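If you read the sequence from its start, that first residue is 1, and numbering goes on from there. Whatever order the structure lists them in is the order used to number ligands and atoms, beginning at 1. In this text, all values refer to a predicted model and were calculated from it rather than measured experimentally.
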Amino acid sequence: MKGLLLMAATVTGLFAQGEKLHVIAFGAHPDDCDIRAAGTAALFAKMGHAVKFVSVTNGDVGHHEIHGAALAKRRLGEAKESARRLGIEYDVLDNHDGQLLPTLDVRYQIIRKIREWNADIVLAPRPNDYHPDHRYTGVLVQDAAYMVVVPALVPEAPALRKSPVFLYYEDRFQRPNPFRPDVAIALDDVIDRKIDALDSHVSQFYEWLPWVDGKLADVPKDPAERKAWLKRTRTGPINPATRAALVKWYGAEKGNAAKYYEAFEVCEYGAQPDEARLRQLFPMLQ
Ligand SMILES: [Zn+2]
């Protein structure tokens with residue numbers, strides 16, 4: 001009964017807001033989508049929309065003590081736990097970590113995922129990034145952007161009859177051009193949900209990444225202290241361009257008050273939304 005009531009509430013909520021949206025986010029590794037979009041995913045999920053994260057590699061080299069199948073298995077479990085905490089789905093493609101190339105085979109895997117999810121929104125890294133897996137994930141998703149509507153390609157997954165909107169995650173790289181925050185989402189209501197999602201990737205945030213940075217000794221042992229440490233180290237100040245975007249989308253009062261955010265840049269490939277369409281696609285901005 002409780003389930004039925006909840007379902008009715010969700011459907012009514014969706015009806016009131018219009019379409020049910022399908023959001024798919026790609027990352028190279030099982031934690032990349034979480035870093036760039038877990039807060040936005042939590043907001044979409046809370047509003048009854050469907051979100052899927054896809055890791056294009058299985059993450060099987062991202063650790064200093066274990067690697068190969070044992071690590072891939074551990075990271076798959078962490079990704080699934082993150083999805084459970086966010087109320088979304090998480091797929092991990094079985095391509096090796098650290099060896100990703102923009103091949104036809106992987107491009108087809110991505111086309112298939114976008115079509116099967118009937119995506120309205122596709123999120124991905126920009127193709128200029130320090131890590132080759134991130135860079136090629138950006139290239140692969142760009143290469144899929146037009147092909148998702150071409151029926152003769154990957155015919156076993158029916159082509160979309162609409163062009164999704166493709167957006168890039170925020171990054172810090174300046175060349176050849178800096179990231180442009182076309183959409184900025186305030187995360188103040190869901191920042192702890194985002195930290196919970198990151199917290200499920202134990203092998204990364206508490207082991208591998210601090211080890212690479214020579215900061216393993218800084219990681220707290222206590223679970224609550226760990227989350228507080230993650231929140232401190234994984235959030236930062238808001239730059240002027242992002243603040244301006246928050247004010248544009250939320251108005252001066254809420255935009256200036258926001259402490260946590262995620263930002264996205266509209267890709268030139270795929271559907272080109274105007275401001276009104278972006279507010280439909282990101283209904284937390286309405
Ligand atoms: Zn990564």
Self-check item: Under 3.5 Å donor-acceptor, E116 side chain and I114 backbone
Solution: no
Exercise. Determine, for D196 against K227, whether the closest basic-nitrogen to carboxylate-oxygen distance falls under 4.0 angstrom.
Key: yes
Quiz prompt | Sidechain-backbone polar pair: H201 side chain, R75 backbone, donor-acceptor under 3.5 Å | solution = no
Practice problem: Would you please indicate if the ring centroids of Y90 and F53 are separated by under 6.0 Å? | Solution: yes
Quiz item: Is the Zn ion (ligand 1) under 2.8 Å from any N, O or S atom of H131?
Solution: no
Self-check item: Opening angle at the Zn ion (ligand 1) [ND1, H29; NE2, H134; to 10 degrees]
Solution: 100°
Quiz item: Hey, is the Zn ion (ligand 1) within less than 2.8 Å of some N/O/S atom on D31?
Solution: no
